[in-house]
There are 2 protein chains.
Amino acid sequence: MVYPPGTVALVDEERVGLVLMHLGRDIDARLRRQLSTAGLTPRHGFTLSHLCDNGPTSQQSLLDVLDVDPSVLVAILNDLENAGLAERKRDPEDRRRHIVVMSEKGRVALTGMHSAMNTIEQEMLADLSPADATQLRELLLKVRPPAGTSPCSGD
Amino acid sequence: MVYPPGTVALVDEERVGLVLMHLGRDIDARLRRQLSTAGLTPRHGFTLSHLCDNGPTSQQSLLDVLDVDPSVLVAILNDLENAGLAERKRDPEDRRRHIVVMSEKGRVALTGMHSAMNTIEQEMLADLSPADATQLRELLLKVRPPAGTSPCSGD
DNA sequence: TATTGTTATACTCTATAACTATA
DNA sequence: TATAGTTATAGAGTATAACAATA
């Protein structure tokens, strides 16, 4: 790097922020590629993951967690329903609400996402010892997630 | 998380890959927000960064590094030229080539990106000790960057 | 004929706003 | 009147393919 006078002198590789950006983008692309054969995107996977973690959920609360536009969630759920991975049911207590339920087929699809991620992580962490990998995990969990951003905003 | 029989039992937060995806996406969004006041995107910043690291460069070699479509690079360079941050010059040795040169104004803009990233990293790493931050940096550099992906593909 | 760069165009993703139905 | 969800539409970002200039 050329260090001109008065310039912050930092190569990309020295910046934790940039490294995280690049790794994150790459993992996203790899997961997207792996899921594409099933016609899904990472965001479909996150939605299934949340349904698996929390059981049947209203669209409203999915919106909070996924932090996407309502119209985007509609498209996601349409895809999942068309693929038979989830289903919308009317909430009898308030007929405006939809309760979203993951199907057994959705469970299988979610398993597929996790095994795709297993593969990706194995490749990524190939040069780290098990102790390093553990420590990396712990350190990453200490990184402060930015205010107002949810973990599932991805597409 | 509900653990159905036969399902990979892993909460999102336990997956290094997912955590990296979410952090990366978030940092990208934050950097984009900070740069937007200057009419720039992270990708403009990476381009300037590469020009700063390597000096005047042909578009062809910028393509290799940034790993974007040629038409996208044209748009990026048009933006940078219109903003007076870089300039295209014909290569006298091969008049098909453009040599891209960063201007002094571009240098200042790049400094701005680095200081924006400083702010972002300080927030992100607020809960890590200096030793933790150093270790995180070292571990991240051991993570294997996926084949065929460059560090500057972002927009 | 191959290479460098550009333009024109279409495609995807996302956001905005108007709409329906229920409360 | 407010809320849950949907639709229609426009905008940004990206990729594809045809093109002009030079080798």
Side-chain angles (χ1 to χ4, degrees), chain A residues 21 25-26 28-29 31-33 35-36 39-47 51 56-82 86-101 148-150 152-155, chain B residues 21 25-26 28-29 31-33 35-36 39-47 51 56-82 86-101 148-150 152-155:
Chain A
M21 272 181 67
R25 183 181 303 275
D26 174 62
D28 180 273
L31 184 59
R32 186 175 305 271
R33 212 177 310 130
L35 293 180
S36 67
L40 298 178
T41 67
R43 198 167 263 179
H44 291 112
F46 296 144
T47 305
L51 290 174
T57 311
S58 76
Q59 285 190 212
Q60 203 53 231
S61 74
L62 276 174
L63 281 180
D64 293 340
V65 177
L66 296 175
D67 192 36
V68 298
D69 192 86
S71 62
V72 172
L73 180 59
V74 168
I76 293 172
L77 294 179
N78 287 346
D79 293 342
L80 293 179
E81 272 199 320
N82 290 336
E87 195 183 348
R88 281 182 264 222
K89 297 182 191 292
R90 282 284 170 195
D91 181 349
E93 296 191 359
D94 182 343
R95 292 189 44 73
R96 292 174 300 184
R97 281 200 200 107
H98 277 156
I99 303 293
V100 184
V101 185
T149 303
S150 100
C152 299
S153 320
D155 170 59
Chain B
M21 271 181 67
R25 182 181 303 277
D26 175 61
D28 181 273
L31 184 60
R32 185 176 306 272
R33 212 177 311 130
L35 293 180
S36 67
L40 298 177
T41 67
R43 199 168 261 178
H44 292 113
F46 296 145
T47 305
L51 290 174
T57 312
S58 76
Q59 286 191 210
Q60 202 55 231
S61 74
L62 276 174
L63 281 181
D64 294 339
V65 177
L66 296 175
D67 192 36
V68 297
D69 192 85
S71 62
V72 172
L73 180 59
V74 169
I76 293 172
L77 294 179
N78 287 346
D79 292 342
L80 292 179
E81 272 199 322
N82 290 336
E87 196 183 349
R88 279 183 265 221
K89 298 181 189 293
R90 282 283 171 195
D91 181 348
E93 296 192 357
D94 183 342
R95 292 189 45 72
R96 291 173 303 183
R97 283 200 198 108
H98 276 156
I99 303 294
V100 184
V101 184
T149 304
S150 102
C152 300
S153 320
D155 170 55

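Within every chain, numbering begins at 1; the chains are lettered A, B, ... in the order of the sequence lines, protein sequences first and strands thereafter.
- We find that CG of A:N78 is positioned 14 Å from P of C:dC13, with the value rounded to whole Å.
- What separates CZ of A:R95 from C1' of C:dT20 is a distance of 14 Å, to the nearest Å.
- Between the CG atom of A:D64 and the C1' atom of D:dG5 there is a distance of 14 Å, rounded to whole Å.
- The interatomic distance linking A:D69 (CG) with D:dT7 (P) rounds to 14 Å, in whole Å.
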Applying side-chain contact (heavy atoms from CB on, under 4.5 Å) to A:T57 and A:I99, what does each step give before you reach the verdict? CA-CA 5 Å; A:T57 311; A:I99 303 293; over 6 Å; no
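- For the pair B:R43 CZ and D:dT14 C1', the interatomic distance rounds to 8 Å; values are reported in whole Å.
- Look at CG on B:L66: it is 16 Å from C1' on D:dA15, rounded to the nearest Å.
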Write down the protein N/O and nucleotide N/O pairs, taken from nucleotides 1-5 of chain C, whose separation is under 3.5 Å; answer none if there are no such pairs.
from, atom 1, to, atom 2, distance (Å)
C:dT3, O4', B:R96, NH1, 3.3
C:dT3, O2, B:R96, NH1, 3.1
C:dG5, OP1, B:H98, N, 2.7
C:dG5, OP1, B:H98, O, 3.3
C:dG5, OP2, B:Q60, N, 2.9
C:dG5, OP2, B:Q60, NE2, 3.3
C:dG5, O3', B:H98, ND1, 3.2

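- Other residues, nucleotides and ligands contribute more than 12 heavy atoms inside 6.0 Å of the CZ atom of A:R90.
- Distance check, rounded to the nearest 0.5 Å: CG of B:D67 to CG of B:L62 gives 12.5 Å.
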Please walk me through it: do B:Q60 and B:R97 pass side-chain contact (heavy atoms from CB on, under 4.5 Å)? CA-CA 8 Å; B:Q60 202 55 231; B:R97 283 200 198 108; 5.9 Å; no
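- Below the 3.5 angstrom threshold, one finds a donor paired with an acceptor across the side chain of A:S71 and the base of C:dT16.
- Remark: the B:T47 side chain and the B:H44 side chain contain no N/O donor-acceptor pair separated by less than 3.5 Å.
- Here the CD-CG distance, from A:Q59 to A:D91, works out to 11.5 Å after rounding to the nearest 0.5 Å.
- One atom, CG of A:L40, and another, P of C:dC13, lie 12 Å apart when rounded to the nearest Å.
- Between A:D28 atom CG and C:dT12 atom C1' the separation is 14 Å, expressed in whole Å.
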